[in-house]
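For reference, the structure discussed in these notes is given below.
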Amino acid sequence: MSDPRSKIPRFRYTASMANSIETQWQEYWDEHGTFEAPNTAGPLADPAKVAERKKLFVLDMFPYPSGAGLHVGHPLGYIATDVFARYKRMTGYNVLHAFGYDSFGLPAEQHAIATGVHPRVNTESNCNIMRRQLRRLGLGHDARRSVSTTDEEYYRWTQWIFLQIFNSWYDESQDRARPISELVAEFETGARDAGGKAWNELNKIERQELLGTFRLAYLAEAPVNWCPGLGTTLANEEVTNDGRSDIGNYPVFKRTMRQWTLRITTYAERLLHDLDRLEWPEPIKIMQRNWIGRSEGARVRFASNAGPIEVFTTRPDTLFGATFMVLSPEHPLVAALTSADQKRAVDEYCVSAASIKDIDRQDDSRPKTGVFSGTHATNPVTGSQIPIWIADYVLMGYGTGAIMAVPSGDQRDFDFARKYDLPIIATQLPSTEWFESHGVAESANCDSWPSAFIGEGTYINSDNESLMLNGDRTMAEAILVTNLWLEEHDLGQAAITYKLRDWLFSRQRYWGEPFPIVYDDDNQPVALPASALPVTLPELADFKPQALEPNDNVSAPIPPLARASEWANVSLDLGDGIRSYRREVNVMPQWAGSCWYELRYLDPTNTERFVDPEVERYWMGPQTPGDTGGVDLYVGGVEHAVLHLLYSRFWHKVLFDLGHVSSEEPFHRLFNQGYVMAYAFRDARGQTVPAIDVIQVGEKFSYNDEPVTREYGRMGKSLKNGIAPDEMYDEFGADTFRLYEMSTGPLEASRPWNTRDVVGMQRFLQRVWRNLVDENSNELHVSDTGTPVELRRELHRTIQGVGADMEHLRFNTAIAKLIELNNALTQHVNAHGSTPREVAISLVQMLSPLCPHMAEELWSRLGHIESITYQPFPHIDQAMLVRDTIEIPVQVNGKVRARLTVSLNVTDDELRNLALAEPKVLQALAGSKPKNVVIVPKRLVNVVL
RNA sequence: GCCCGAGUGGCGGAAUGGCAGACGCGACGGACUCAAAAUCCGUUGUCCGCAAGGGCGUGUGGGUUCGACUCCCACCUCGGGCACCA
């Protein structure tokens, strides 16, 4: 009696009713395989179900199964793709929507090191937690197609694809990758020159090394963050701002190691060009273009006492102004070019440069530093001796790692020249305006210019016996002339350079895909045959690395797999009898598994191939001639704008070139959803701490009694600020939670998390329920007595609007329109006691993509036996959209002063006369004539005074 | 620092060259109730005004246009990425 809830009607749509409805329908969908998408071939084939339906492949960026489980930011994209997929099923598509886990990665390994629990155990438990959380959301995934990158049957194919990459080379003449065997054949027949020698004169090692310079996967020296105190290499994220380890606070050293590298740069041009063929947001394309960073210019060789130094410049036309050279501290010629008296200074400089993070080295606002090598090079056009400097503003990873410095034409070189008092020679005379705007006299010597001049200008001081640039000419002409001269004199040639670097593909970790590679007695890499796959990870007794003296920067880093010595040293027969080999002990980066997972969803159980070609062609093949093919809709965060999306495109293109897939691109249409944002906290070393454990006292925040600073950012594992969705299910139900996530803004926009607002969507669903079902009797109150015309008009306007919004992923405005319809319906029900059947049916159909459990329940109560999943989306009655009158705003000087209600076929003259007769307009005119009357036919009148 | 976005009521947002603030949250008022909750109805950008009405208003400053939240330029703030977090 005293229970306050006793007055709540017994059959109200509450969280507990929602929960029981949701559980019941989730079981129904599982039992009936409702979301199983038929293939055209193989074990998942069901030709009758494919029938004449058009296909649609909808894909989410799959998550890392974090130990913290799902946070409320994850489902934003997952719900959106589910709503879209469900909408498309209702409009006749055969929709493939599957879900998997990107389950290799750092946190599981760190967890294993800390607890001794095998990463697989931890990872599987995390996957199960997330699977359960996602199931509660009612996502319509084809469960048969779920894959984890850590499944042996998955990563055997990741390894297989790596072998394809290793066993291929890029044929520039055909502009595609080809099997390495075809290159060997060209060498054997002599069709291709084998580096000056005949192929059959090369020994085995020389042959392997030659092929290594062609293979798309090759070994190269590359820097790592080595932390002896932990005995492991570290990810950039694990290194603090002051160059120490996040865990343990030990010193971290930059060391180079021999590591696998993928020749993605061979695809730079195609990765750039094919962006034009994709339906991606323009900003993402711009980011990828900038990342690839194509520049045209020239390679120029400067003579020095250590041989020619090659530079890349985008401005060969300014060569006459090159007054010094700068080499990156990592440049291989640094030692050879350093004079005895400068050796100490150069060594010290190089050591200190190594301790600066790359991201800081690219900071243009940082004061320039550098050191003179003590030697000179020859400017190829002037013949003069110019000093060679070493400076960290030149990066080894771009161009050749050396530059010619033209202080008059490049701001960085200008700053450097000023600081170290190096000569500045102008090669172009700026315009009068330039001098005026920079506050210097035109007669001023360029030593007194305030900055470098970059642009078109009259060429000066630019001639020698055989090259003459002086005078008025365009930069393009000057560049062309210079490039020709360089080529004639064998001093350089026109060249294109990309910022894009080859992809460092080795990690010194345990929890990743082992490479299908062994090394022979000659230390040459040998690919294992496909029959040897998968190369499974060995068991380790202890995941803790062997820690060393924290300052021991001499001992070689030992990857975890090297400790599994029985696994690492094997005897195999690879075609020439049983021999002993040692395995590659690095593993692949987490990117590897995410580079091709969409293909495995297509054919997850195939044991013969990574995907059946016919199945791939059906789901991903080009739809029209010239189309790239690929996933029809790929939804994920913009944080993957460059790396993941570039790496997958690269792998996909290799597979295309080798004939394994029919699509040229993996993701035809991309949509970036925004982030769910939340506060995050950072300690004094710049590392994030778990937000949930931070304590607020007044305006201050602390974690473990240490002060922390607050910031605002994307909810997720990096910022350790996730909020679990489970309490949303308990408090409101999954349908309300889905609706809330979709209603808080446009899908592409980031939004703060605000639990307080969720109740609005619960009230909406309660009103919908109440409009169809009596809360006291649980009886349906739907009538067959017909619909008033105004309500019917509103219904059809809603159908039109919601359909258009769903097509364009505008779920927030679709929901607003449904609320408006339901509010109109509430008024009708209040007046007449029941909902007209046609409105009930259409409303439930329109709601079903967004809140499918409630829609299924109401659909079944409306007397239907089949699931609503494949029911058609309601059709628009065009007659209901036609209005008799329209309202026209009347502006005076652009401000609305009156409104006219006029007939549909109103003429411009009628509008003008009506507008000029409006009292407000007459008042504003005050007797004078309007200067102008702008009429937008059937839209608006603007009276200009 | 460089590259890419975003800034609109107390809050989330709507409107993408033509009626600024749809829809939701919150707040306020009313009905029902012994009372509260729930529900239903109404008000709610801001300033001046008793009101009628009027002024101002989309981060800041400029510009284009009959008309700008929307397009252009500069600046400020916040977010994403910067190659070993993925």
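In what follows, chains carry the letters A, B, and so on, assigned in the order in which the sequence lines appear, proteins first and then strands, with residues in each chain numbered from 1. Note that the coordinates shown come from a computational prediction; the quantities given were computed from them, not determined experimentally.
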Would you mind classifying the nucleic acid contact of A/Pro107 as base, sugar-phosphate or nothing, using non-hydrogen atoms under 4.0 angstrom? nothing

Can you check whether any acceptor in the base of B/rC66 is under 3.5 Å from a donor in the side chain of A/Asn942, or vice versa? yes

Regarding A/Asn823, tell me which of base, sugar-phosphate or nothing describes its non-hydrogen contacts under 4.0 Å with the strands shown. sugar-phosphate

Is any side-chain nitrogen or oxygen of A/Gln766 closer than 4.0 Å to OP1 or OP2 of B/rU39? yes

Just call it for A/Pro589: base, sugar-phosphate, or nothing, with non-hydrogen atoms closer than 4.0 Å on any strand. nothing

Looking at B/rC19, I'd like to know if its phosphate oxygens (OP1 or OP2) sit under 4.0 Å from a side-chain N or O belonging to A/Arg899. no

Base B/rC19 paired with A/Gln891 side chain (donor-acceptor, <3.5 Å): no

Closest-nucleotide 5' rank along RNA chain B - winner of A/Glu282 and A/Arg810: A/Glu282

Look at all strands and tell whether A/Arg763 reaches a base, only sugar-phosphate, or nothing, counting heavy atoms closer than 4.0 Å. sugar-phosphate

Between A/Asn225 (side chain) and A/Leu234 (backbone), is there a donor-acceptor pair under 3.5 Å? yes

Heavy atoms only, 4.0 Å cut-off, all strands: where does A/Leu500 land among base, sugar-phosphate and nothing? base

Base, sugar-phosphate alone, or nothing: which one does A/Ile888 contact when heavy atoms must sit under 4.0 Å apart? nothing

Checking N1-N3 plus N6-O4 or O6-N4 for Watson-Crick, or N1-O2 and O6-N3 for wobble, each under 3.5 Å, the partner of B/rC71 is B/rG63

Does the structure show a Watson-Crick or G-U wobble partner for B/rG42, both distances under 3.5 Å? Name it, or say none. B/rC28

Would you call the rings of A/His74 and A/Tyr78 parallel, tilted or perpendicular if under 30° counts as parallel and over 60° as perpendicular? parallel

Have a look at A/Met677 and say if it touches a base, only the backbone sugar-phosphate, or nothing, with a 4.0 Å heavy-atom cut-off. sugar-phosphate

Side-chain N or O of A/Arg12 closer than 4.0 Å to phosphate OP1/OP2 of B/rU39: no

Would you say the side chains of A/Glu748 and A/Asn672 form a donor-acceptor pair under 3.5 Å? no

Establish, with yes or no, whether the OP1 or OP2 oxygen of B/rC25 is under 4.0 angstrom from a side-chain nitrogen or oxygen of A/Asn754. no

Report the relative orientation of the aromatic rings in A/Phe650 and A/Tyr267; use parallel for angles under 30°, tilted for 30 to 60°, perpendicular for over 60°. perpendicular

A/Lys920 side chain N/O closer than 4.0 Å to the phosphate oxygens (OP1, OP2) of B/rG54? yes

Under a 3.5 Å cut-off for both contacts, is B/rC19 paired Watson-Crick or G-U wobble with anything, and if yes, with which nucleotide? none

Is A/Val944 touching bases, backbone alone, or none of the nucleic acid, heavy atoms closer than 4.0 Å? sugar-phosphate

Report yes or no: does A/Gln766 contribute a side-chain atom to a donor-acceptor pair with the main-chain N or O of A/Tyr13 at less than 3.5 Å? yes

Residue closer to the 5' end of RNA chain B, A/Ala816 versus A/Asn932 (nearest nucleotide): A/Ala816

With sugar-phosphate meaning primed atoms plus P, OP1 and OP2, does A/Tyr675 contact a base, only sugar-phosphate, or nothing at under 4.0 Å between heavy atoms? sugar-phosphate

Donor-acceptor pair under 3.5 Å: do we get one between A/Gln259's side chain and the base of B/rC84? yes

With heavy atoms under 4.0 Å as the rule, sort A/Arg767 into base, sugar-phosphate or nothing. sugar-phosphate

What integer number of Å spans the P atoms of B/rA36 and B/rG45? 28 Å

